[in-house]
Every structure is written in structure tokens, then in C-alpha cells.
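Written out below as C-alpha cells is the structure these notes cover.
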Amino acid sequence: MEDSRIALPIGTALDRFIKNKQGEFQYATGELSQLLRDMALAGKVVNREINKAGLINIAGAIGTQNIQGEDQQKLDVLANIRFIRALTKGGEVCAIISEEDEEVIDLSNNKGKYVVAIDPLDGSSNIDVNVSIGTIFSVYRRVTPIGNPIQKEDILQKGDKQVAAGYLLYGSSTMLVYTTGHGVNGFTYEPSLGEYFLSHQDMCIPEEGNIFSINEGSFNSFSSGLKQYIEHCRASEYTARYIGSLVADFHRNLLKGGIYIYPATAKAEKGKLRLMYECNALAFIIEQAGGIASDGKKRILDIEPTEMHQRVPFFVGSKKMVEKAEATINAV
Ligand code: AHM
Ligand code: MG
């Protein structure tokens, strides 16, 4: 029997896509392209380690805590090392902000033009239970002159200044989704070839959706406005979906239409998610895909950061759903 798959074209590989798109970027020197390739490569390594997690006993807490006072998982630490190493070797980056490191990681590469903010392994409490996890990253151009030591203003830039952002989702397949401000494209990793292929071109989030993603276990400590919005979702018989892995919840809602909310709660008075390496990247991506990201009042990308590990409430997703949520919570 003839194998019909042989007639199928292999598709556009990530490297080729990045190369073809390089001209769209205003500082098209190839360095940002190289940086994206570095991220993709480190993503492959992390993907391999995640897939072995149950086999070689590298899952589970190592008994130390990160700056947020949370247990660090072995894979958090490994992923952090992999991404930092890849970004160091590439030479395009001067500094990294990571969820896993209290201080800025100064790569002592004053020639590097870019600053990267990264959550190397988000949703890490899900590692042990074989649930999807992700990596989130933002890329900024440094603002002080190249050749000089990095300064605070290179690090604390508002989200609007991102030149690229993306995430890796380690799910039923591994994907890289990124934007450089010219739409959003998604690539699926083909492990037997060791390549990412363009699988989701020009991703757009439906303007309206019917999925709401929020940890309803904290309902009693929501503001009365937010309670009202959740009641609206329930009354409308929307679908409740909450994986507890931001990248996975975000990705599903991006494809299907929906809203993800991590509000201020009694336990997390300013919200739980971090502006610099979780919310900004996803806000840039969602806007590029036609959606909205806000802290309930204000556009996420307009927030001036005051510190690296700052937290914000996060409302992100389909335009009409986020607008409705904002209108409801602000009317009370
Ligand atoms: P992490 O960066 O420590 O992994 O925390 C972020 C995660 C998100 O992936 C997820 O959406 C959220 O925390 C879940 O928090 P909760 O269990 O409070 O609902
Ligand atoms: Mg995180």
C-alpha cells in the first residue's frame, strides 16, 4: 500500500521561518533571530529532561526555596540553568531576570543588546503529576549605550517595550509560540527530527469565548465585583477550565477563546503572577493575537515596573470577555 504521507510537504521549519521574517524587525542584524534560536534550542533540552522526569527520579522538590519562598523543583533549577547557559553562549544578551534568581543575572557581556526576563518552568507544582508545564520569556533591548555596564533602567522596562516574547508549552506535544510584534506564530516540535515546524500561523484569539479559567477555590476572597463576574460566567453556562499551569490555560484560551484570571486574593493580595516574566510576555502575545491583558483596570503593557519580582492581578484573553470582566468589577 502506498504511504500517502510521502506526498505531504515537510512544512516550514522554525529556523527557516525566523530567517524569512528577520527583515520585519527594525534592527535586523540577526541577533534577535539568534536569540530566538537559542531559546528554542534550550527548550528542546528542557523538553527532553521533562519527558524523562518520571524515569530518572529528577522530579520532586530539592528542599530549597526560591526568592518567592516557594519550593524549588529539580526541574525548575535544571531549566533555569539550561536557559541561562543558552543565552550566555549566544552572546546577544547582557542580562537576565529569572523567577528562580533573586538578583539580576549580569552576564558581564556589555556588548549584548538584549535583556531577557524568563520564567524557566512555570506551573512546576504540576511536574510530579504529569500535567503540562511551560517556559515564558520576554525580550527587551537595553536602553543604556552598548559597551557600558547594565543599569536598572535596562532591566525595569515596561511591557510595551518588549521586542519579542514567547512561551514553550510542554504538553501533549511541545510547542513554541512567539511574537516579535508582527503577529503570533506557533511551532510544534517533532522529536524524531529534532525540529520545530510551523503549525499555527498568524494565531488569533476569538473576540468572544465561553471558557473561564480561574481558581474558584478562592471565590470567598474575591472582590464583590469579581464574584459578580464569575456569577455571570456561571449563569451564562460558560465552561470552567483551570489546569493551574498558566501557559497551558493561556494556550487553550488563545486557541478556543476564553478568559484567564488570577486576581488579588486574601492569600495573594497583589495577585500571584509576576509582571516581568509571566504577565508581560503573555500580554504582548495576546494583544498581537487580538485579545486584551489587564490588571483589572489598566493595560498590563503600560505598567511601569518598580521591582523585578513584582506581582499583579492578571486578566487575559478574548477581547469581549476581558472588557466585560473589567466593566463588571469596576462598576461595583
Ligand atoms: P509558579 O510560577 O510558581 O509555577 O506559579 C504560577 C502558577 C501558574 O502557572 C498557575 O496559573 C498558577 O500558579 C496557579 O496558582 P494557584 O494554584 O494558586 O491557582
Ligand atoms: Mg511561574
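In listed order, ligands and their atoms are each counted from 1. Note that the structure is predicted; figures quoted are calculated from it, not measured.
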**Fill in**
Contacts of Tyr140 meeting ring-ring contact (aromatic ring centres under 6.0 Å, His included) (sequence neighbours excluded), chain-then-number -> none

**Prompt:** Are the charged groups of Glu31 and Lys113 less than 4.0 angstrom apart, N to O?
**Reply:** yes

**Ring centre gap for Phe137 and Tyr167 strictly below 6.0 Å** = no

**Asked** Should the proximity of Tyr260 to ligand 1, defined as any heavy atom under 4.0 Å, be assigned to the side chain, the backbone, both, or neither?
**Response** side chain

**Fill in**
Under 4.0 Å from one or more heavy atoms of Ser245, ligand 1 contributes atoms 9 (O)

**Message:** Strictly below 4.0 Å, N to O, side chains only: are Glu49 and Lys52 in salt-bridge contact?
**Reply:** no

**Asked** Looking at Glu99, which atoms of ligand 1 are within less than 4.0 Å of one of its heavy atoms?
**Response** 1 (P), 2 (O), 3 (O)

**Item:** Pairing of Glu208 and Lys320 as salt bridge, 4.0 angstrom limit
**Value:** no

**Atoms of ligand 1, numbered as shown, that sit under 4.0 Å from any heavy atom of Tyr242** = 11 (O), 12 (C), 14 (C), 15 (O), 16 (P), 19 (O)

**Asked** Which residue from Asp76, Ile261, Asp122, Ile214 reaches closest to atom 6 (C) of ligand 1 through any of its heavy atoms?
**Response** Asp122

**Item:** Cation-aromatic face contact Arg311/Tyr277, 6.0 Å, 45 degrees
**Value:** no

**Asked** Using a distance-only test with no angle check, is there a side-chain donor-acceptor pair under 3.5 angstrom linking Gln162 and Ser138?
**Response** yes

**Asked** Does a side-chain N-to-carboxylate-O contact under 4.0 Å join Arg37 and Asp15?
**Response** yes

**Arg274 near ligand 1 by a heavy-atom separation under 4.0 Å** = yes

**Message:** I'd like to check which ligand 1 atoms, numbered from 1 as shown, lie under 4.0 Å from a non-hydrogen atom of Gly123.
**Reply:** 4 (O), 9 (O)

**Request:** Go through the steps for Arg299 and Glu287 under the test salt bridge (Lys or Arg N to Asp or Glu O under 4.0 Å), then give the verdict.
**Result:** CA-CA 10 Å; Arg299 182 177 176 240; Glu287 286 198 5; 2.8 Å; yes

**Asked** Any side-chain heavy-atom pair from Tyr242 and Tyr260 closer than 4.5 angstrom?
**Response** yes

**Request:** Under 4.0 Å from a heavy atom of Asp119: give me the atoms of ligand 1 that qualify, with their elements.
**Result:** 2 (O)

**Request:** Looking only at distances, please establish whether an N/O atom of ligand 1 is found under 3.5 Å from an N/O atom of Asp249.
**Result:** no

**Message:** I'd like to check which ligand 1 atoms, numbered from 1 as shown, lie under 4.0 Å from a non-hydrogen atom of Leu246.
**Reply:** 8 (C), 9 (O), 10 (C), 11 (O)

**Asked** Is Ile243 touching ligand 1 with its side chain, its backbone, both, or neither, if touching means heavy atoms under 4.0 Å apart?
**Response** neither

**Request:** Tell me the protein N, O or S atoms under 2.8 Å from the Mg ion (ligand 2), in chain and number order.
**Result:** Glu99 OE1, Asp119 OD2, Asp122 OD1, Glu278 OE2

**Asked** Can a salt bridge be assigned to the pair Lys297 and Glu326 using a cut-off of 4.0 Å between side-chain N and carboxylate O?
**Response** no

**Item:** Near-ring test Tyr189/Tyr196, centroid separation under 6.0 angstrom
**Value:** yes

**Message:** Any nitrogen or oxygen of Leu121, side chain or backbone, less than 3.5 Å from one on ligand 1?
**Reply:** no

